[in-house]
Amino acid sequence: MINLKAPGAPVLLILAMTLSTVCKLQFLYQVTVIPGQIVSSSLRTILVLFLLYLLTALISDRRHYYLVLCIHFLLSLIIFADILYYKHFNIFPTVNELMLVNTLPSILESIAVLFRFQYLLVFADLFLFSLPMLQKCLCSSRFVLHPIYAVLLFVLLLTPLALDLKVSFGGEKEKLFHTHGIFYEQISKLFMSNSSKHEGDAAPTQPIADVPKKTALARRYEKIAEGRNVIVIQVEALQDFVLNMSYNGQELTPNLNSLLKQDTIYFSRYYQQIGRGGTSDAEFVTQNSLYPSMNVYSYKRYIGNEFLGLPRILKEKGYTAVAFHGYKPEFWNRSTIYPILGYDRFYSKKDFVHDDIIGWGVSDRSFFKQSAKYLSEVKQPFLSFLITLSSHHPYALPEKHKKIKLMPEHYSTLLGRYFQTINYTDAALGLFIQELKDRKLYGNSIIAIYGDHRAIDNQVPLDKRHVSNLLGYNFDYDESLNVPLIIHIPGSDLCETNETIGGHIDFLPTLLNLLGIEESRTKFFGRDLNNTNDSFIAFQTVMLEGSFIDHEKIFVRSRDGVFENSLAWKLATKEPIPVSECVPGYRRAIREIRESEYILSNNLIGKIPQDMAVESFAWSKAGFAKRIIHLLRSIPDYLMIRL
Ligand code: GP9
Ligand code: MN
């Protein structure tokens, strides 16, 4: 028991709390980071924690105890939130995200599913540390900051700075987690979130040499959907593997499957590319062909920007742009950013009759029915962007809608619930297509359907085993992150499966080619998937920044920050390959993300044309001092290339 009347007790208390928090960090890493890649709390984290607690010693009366207890509670709470967040997104949150408590009510159901009682262990010691308070033995506590502590504080303050000299360079932000420690990483983002010229202020510094040269191909399918209405449907948690799957003798997605059979180009190796913003980042990347922010969700981070993405470009061609989503308009900042993106009208939950609610909002069935009616009143040609919701985690579909006969091993599992909800959403999609036909909107439209992000996590052993058994091969990142893109062009007679590796970032250039719209005023980071032989996709979440998939392999960057501990394997045979073969792809992934970040952070959309290298633009704009700084900054990159 801690007796705070004893001399030096406050220091003991601080030491005990520091030690306890370090143990909690170990626990955090144990339950989150990939098994076998457990990292230790760095020395720096321990020092910073100790320093943080020690600062409370500046208060010399009983308030010291309460303050230190508050800090300890807060850190425990952050660690607890980190665990749950990581379980959902496979990445640690920034402080910015931890502060988005207004979203908490919406995700309570998901949290309940992810929650395990063992996570409460992070609060276990609070009872112990609270005992002195219960015993009211604090009153005479005195702790004056002795000169020796002042020196100690000074040294501790300097140590992290000194250690900074050894930090790995190269813009690999996730490395901060291993070098500065998780708290530093989380807090540092706080200071970057709201102003525009920050994280991407530094120009990208690596040469562009290893980008595969564009091969001159005849432009396939150019103008094939010229002048048509554009209907984009972003389906919540639609995974590729459910398409055409025969499950227990049933089709999970019969309506999507039938679309694949006619008038469709099916992109079967199409990947999610979200950052911090889940669904909203999928929207952001899809409509702008730029990488999402890893600071806070893009619709918040880049709210001050001007955009030249899908809605704006089509509006310039005479389209009306409307968006539909059956949830609160302000969620993910949609109601604020949609007009900035160029939308004329956003139909949200407020505009729908709430005749059928599933989970967070209007059921997909009712949503599609009401949206079709609204659409029939919109001036043509139109761009309509519809975001579904019913298949949202934790996939709690009302009994009456469940149509799939589950295999016994999938009763009461996440996978079983997912199959039911995605089957429901597929049925709703089928009804929507019928509504479009009935309202004479089908034949003159191009309909693009894709998933926003995965539903099933390949890192959860039970889910992985179940899906692997169904697929007959290992369900890993290359399958889990695959969200399909289906482009349906009625009357086109196309029936093609395109296996080019692509993702959300490729949507806009691919669609614009089909519509016959040239856009070279601004830089897109994606490619027209019908006209490229460059199979490549870069990730930032789930797999860390620098991870990528190309035509033959997947590279999964190690979470311990050591490149050599990363994993890579051949897509076709799953055979491991040396990570040294992945260095060019890794560098390309980092560079592209950094270039995109530079454009967005400096509000440069529309200012760097498609055919201009971001690096040379940045260089031409930089003053003398900046050039020197850029040069110095490029040294570690250069060294890394040589290593
Ligand atoms: C909320 C919906 C869900 O409007 O788009 O977002 P998510 O939780 O999947 O990111
Ligand atoms: Mn989503």
Side-chain angles (χ1 to χ4, degrees), residues 81 84-91 93 96-97 100-114 232-240 242 271-287 292-294 296-301 323-338 341 343 346-352 354 357-364 366-368 371 385-396 414 417-418 421-422 424-425 428 449-457 480-484 503-504 540-542:
L84 289 177
Y85 187 97
Y86 189 97
K87 288 288 167 192
H88 199 56
F89 294 105
N90 246 45
I91 195 163
N96 296 314
E97 281 155 313
L100 295 174
V101 279
N102 57 329
T103 61
L104 206 61
S106 307
I107 54 172
L108 273 182
E109 236 183 322
S110 288
I111 289 179
V113 171
L114 299 168
V232 181
I233 307 172
Q234 180 173 294
V235 180
E236 178 65 36
L238 174 64
Q239 299 242 200
D240 183 75
V242 293
Y271 288 90
Q272 70 173 60
Q273 289 183 292
I274 56 174
R276 297 280 179 183
T279 304
S280 63
D281 273 358
E283 296 174 25
F284 178 85
V285 181
T286 296
Q287 296 180 88
S293 166
M294 281 302 287
V296 69
Y297 62 95
S298 309
Y299 277 179
K300 182 175 166 71
R301 170 90 173 98
F324 299 88
H325 182 53
Y327 191 49
K328 296 180 205 159
E330 65 279 7
F331 198 80
W332 286 134
N333 245 2
R334 285 185 177 106
S335 51
T336 312
I337 201 150
Y338 280 178
L341 289 174
Y343 283 104
F346 172 31
Y347 298 86
S348 74
K349 194 175 180 181
K350 284 187 179 161
D351 302 284
F352 292 106
H354 300 177
I357 296 288
I358 292 181
W360 297 19
V362 181
S363 73
D364 285 354
S366 173
F367 167 72
F368 277 131
S371 301
F385 190 64
L386 300 102
I387 303 133
T388 75
L389 189 57
S390 296
S391 49
H392 194 278
H393 186 273
Y395 320 118
L414 189 81
R417 293 202 303 275
Y418 175 61
T421 48
I422 206 64
Y424 165 82
T425 297
I449 303 171
Y450 64 92
D452 63 345
H453 50 71
R454 69 179 178 177
I456 305 297
D457 183 346
S480 171
L481 300 177
N482 186 356
V483 289
H504 290 143
Q540 296 187 86
T541 42
V542 184

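Side chains are part of it too, since the values below use all heavy atoms of this structure and drop only hydrogens, waters and symmetry mates. Atoms within each ligand, like the ligands themselves, are counted from 1 in listed order.
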Element-labelled atoms of ligand 1 that are located less than 4.0 Å from some non-hydrogen atom of [X]:
| X | value |
| --- | --- |
| His325 | 1 (C), 2 (C), 4 (O), 5 (O) |
| Trp360 | 1 (C), 3 (C), 8 (O) |
| His453 | 9 (O) |

Derivation and outcome, side chain to side chain donor-acceptor pair (under 3.5 Å), residues Glu283 and Tyr338: CA-CA 11 Å; Glu283 296 174 25; Tyr338 280 178; 2.7 Å; yes
Sub-4.0 Å heavy-atom approach of Ile387 to ligand 1: no
Any Glu236 heavy atom less than 4.0 Å to ligand 1: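 Flag set, Glu236 near ligand 1.
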Nearest-contact summary for atom 9 (O) of ligand 1 - protein heavy atom, Å: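 That would be Thr279 OG1, 2.5 Å.
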Protein heavy atom at shortest distance from atom 8 (O) of ligand 1: His392 NE2, 2.7 Å
Test of ring centre spacing under 6.0 Å for His354 and Phe352: no
Close side-chain approach of Gln540 to Gln273, heavy-atom, < 4.5 Å: no
Asp364, Thr425, Thr421 screened by side chain to side chain donor-acceptor pair (under 3.5 Å) with Ser390, the one that passes: Asp364
His393 and ligand 1 - part of the residue with a heavy-atom distance under 4.0 Å: neither
Part of Arg334 with heavy atoms under 4.0 Å of ligand 1, whether side chain, backbone, both or neither: side chain
Angular separation of Glu236 OE1 and Asp452 OD2 about the Mn ion (ligand 2), given to 10°: 80°
N, O or S atom of His393 closer to the Mn ion (ligand 2) than 2.8 Å: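 Short answer: no, not a single N, O or S atom is under the cut-off.
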Between Glu236 and Tyr395: side-chain donor-acceptor atoms closer than 3.5 Å: no
